[in-house]
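Just so you know, ligand 1 is whichever comes first in the structure, and atom 1 is the first atom listed for that ligand. Residues take their numbers from the sequence shown, with the count starting at 1. Excluded from the calculations below are hydrogen atoms, water molecules and symmetry mates; all remaining heavy atoms, backbone and side chain alike, are included.
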Amino acid sequence: MLASKRILLIIGGGIAAFKSLDLIRRLRERGAEVTPVLTRAGEEFVTPLSVSALAGKRVFRDLFDLTDEAEMGHIELSRSADLVVVAPATADLMAKMAQGHADDLASTLLLATDTPVMVAPAMNVRMWEHPATQRNIATLKADGIAFAGPNEGDMACGEHGPGRMAEPLEIVTAVDAALASGPLAGKRILVTSGPTHEPIDPVRYIANRSSGSQGTAIARALNSLGAEVVFVTGPADVPPPQGVETVPVETAQQMLEAVQAALPVDAAIFAAAVADWRVASASTSKMKKTKGGLPSLEFAENPDILATVSQLDHGRPGLVVGFAAETDDVVENATAKRKRKGCDWIVANDVSHGTGIMGGKENDITLITENGAEDWPRMSKDDVANRLAERIAQSLI
Ligand code: C5P
């Protein structure tokens, strides 16, 4: 999603500036072009050499650097990006932005730019909570400045609270969402994927053969149509898609909690193969072979995440899509499942032995909606994902 996007990255003077080096790397990994600007105070924390080495281009530092002006004026520099990102955005830099100061290169660029601006604040908790900073934040928000973070946590100064700069990958996700274009831009969509692992003891678990490839392809397809995707995944065989917020979980219970934490969303796609049962009381130490005979496992039912979200009275996503992996009477069973769970659509597939669908590259699905069953031709999981994402986009418009 960030391929060939141009980011003007202003690095302010805070200890979190070291994270901006990683941010440059993460943005460039995703194909973005990063033009770095380092404030005087920023230079106290990271060197121009390390910034330019990671960015793969020169770092701009001084408003009155005539060489810079000869090559590219500050006005042109401020407008040559798709997004201006300030990370770390110090209390001082934010105050300057709120007041419209232009007394160094960074503040001048921020005043001159006509492209969207995102700040990733980083400061001591008292400075963050100070009424002056809060006033500045309100002003900046009213001016249309986007915020990534800050997070709450331990700080370099030894205090605890809000003010920690968001992690580089969180900023990348926010940048991705800010630059999103496409029919799903501005929509937040949850996708569950992969199997769950239900522990028997610390070394053994119950699992299933889901590879996570269909859910991953769906998350990628939704993201490429501009959606902000929250991807809650069990331990899958395939890596999660880039540019989406990934929440790794192991058990069904953890998946439910991650799903609830991700709400509200515009749509939720439940592609995970969630274990129906867990071991009622998993052993905290490894179970030993005993002469006394075989162990017996007692099972408890797992929460049905799809049904729980489908039947929410408040905050139900506008569109809820479930999956049905069936081996017999696919359409009948999936149609009944749609009713029973209370979801809007069911993507049904025949996973009986010999279809090669579970863990394979292709899928053969029937989409069940309120209008009945729609048989799709057998196609790759990527094509199923793209077609489903298009359908989701049409239904959310
Ligand atoms: O009931 P069954 O497992 O066949 O339903 C499949 C659908 O329900 C899938 O969309 C799956 O992600 C979801 N599911 C769930 N929580 C469970 C079991 C299934 O969300 N505990």
Expected contact list for ligand 1 at under 4.0 angstrom, heavy-atom basis, is Phe270, Ala272, Val274, Asp276, Pro303, Asp304, Ile305, Leu306, Gly322, Phe323, Lys337, Lys341
Hey, can you tell me if Phe147 and Trp128 have their rings parallel, tilted or perpendicular (30° and 60° cut-offs)? perpendicular
Hphob cluster co-occupancy, Val244 + Leu190, side-chain heavy atoms under 4.5 angstrom: no
Please test Asn124 against Glu159 for side chain to side chain donor-acceptor pair (under 3.5 Å), starting from the C-alpha separation and ending with a verdict. CA-CA 8 Å; Asn124 166 273; Glu159 289 189 70; 3.0 Å; yes
Show the nearest heavy-atom pair for residues Thr216 and Pro241, with the distance to one decimal. CG2-CD, 3.5 Å
Joint hydrophobic cluster, Val229 plus Ile392, side-chain heavy atoms closer than 4.5 Å: yes
Cationic N near anionic O, under 4.0 Å, Asp176 to Arg30: no
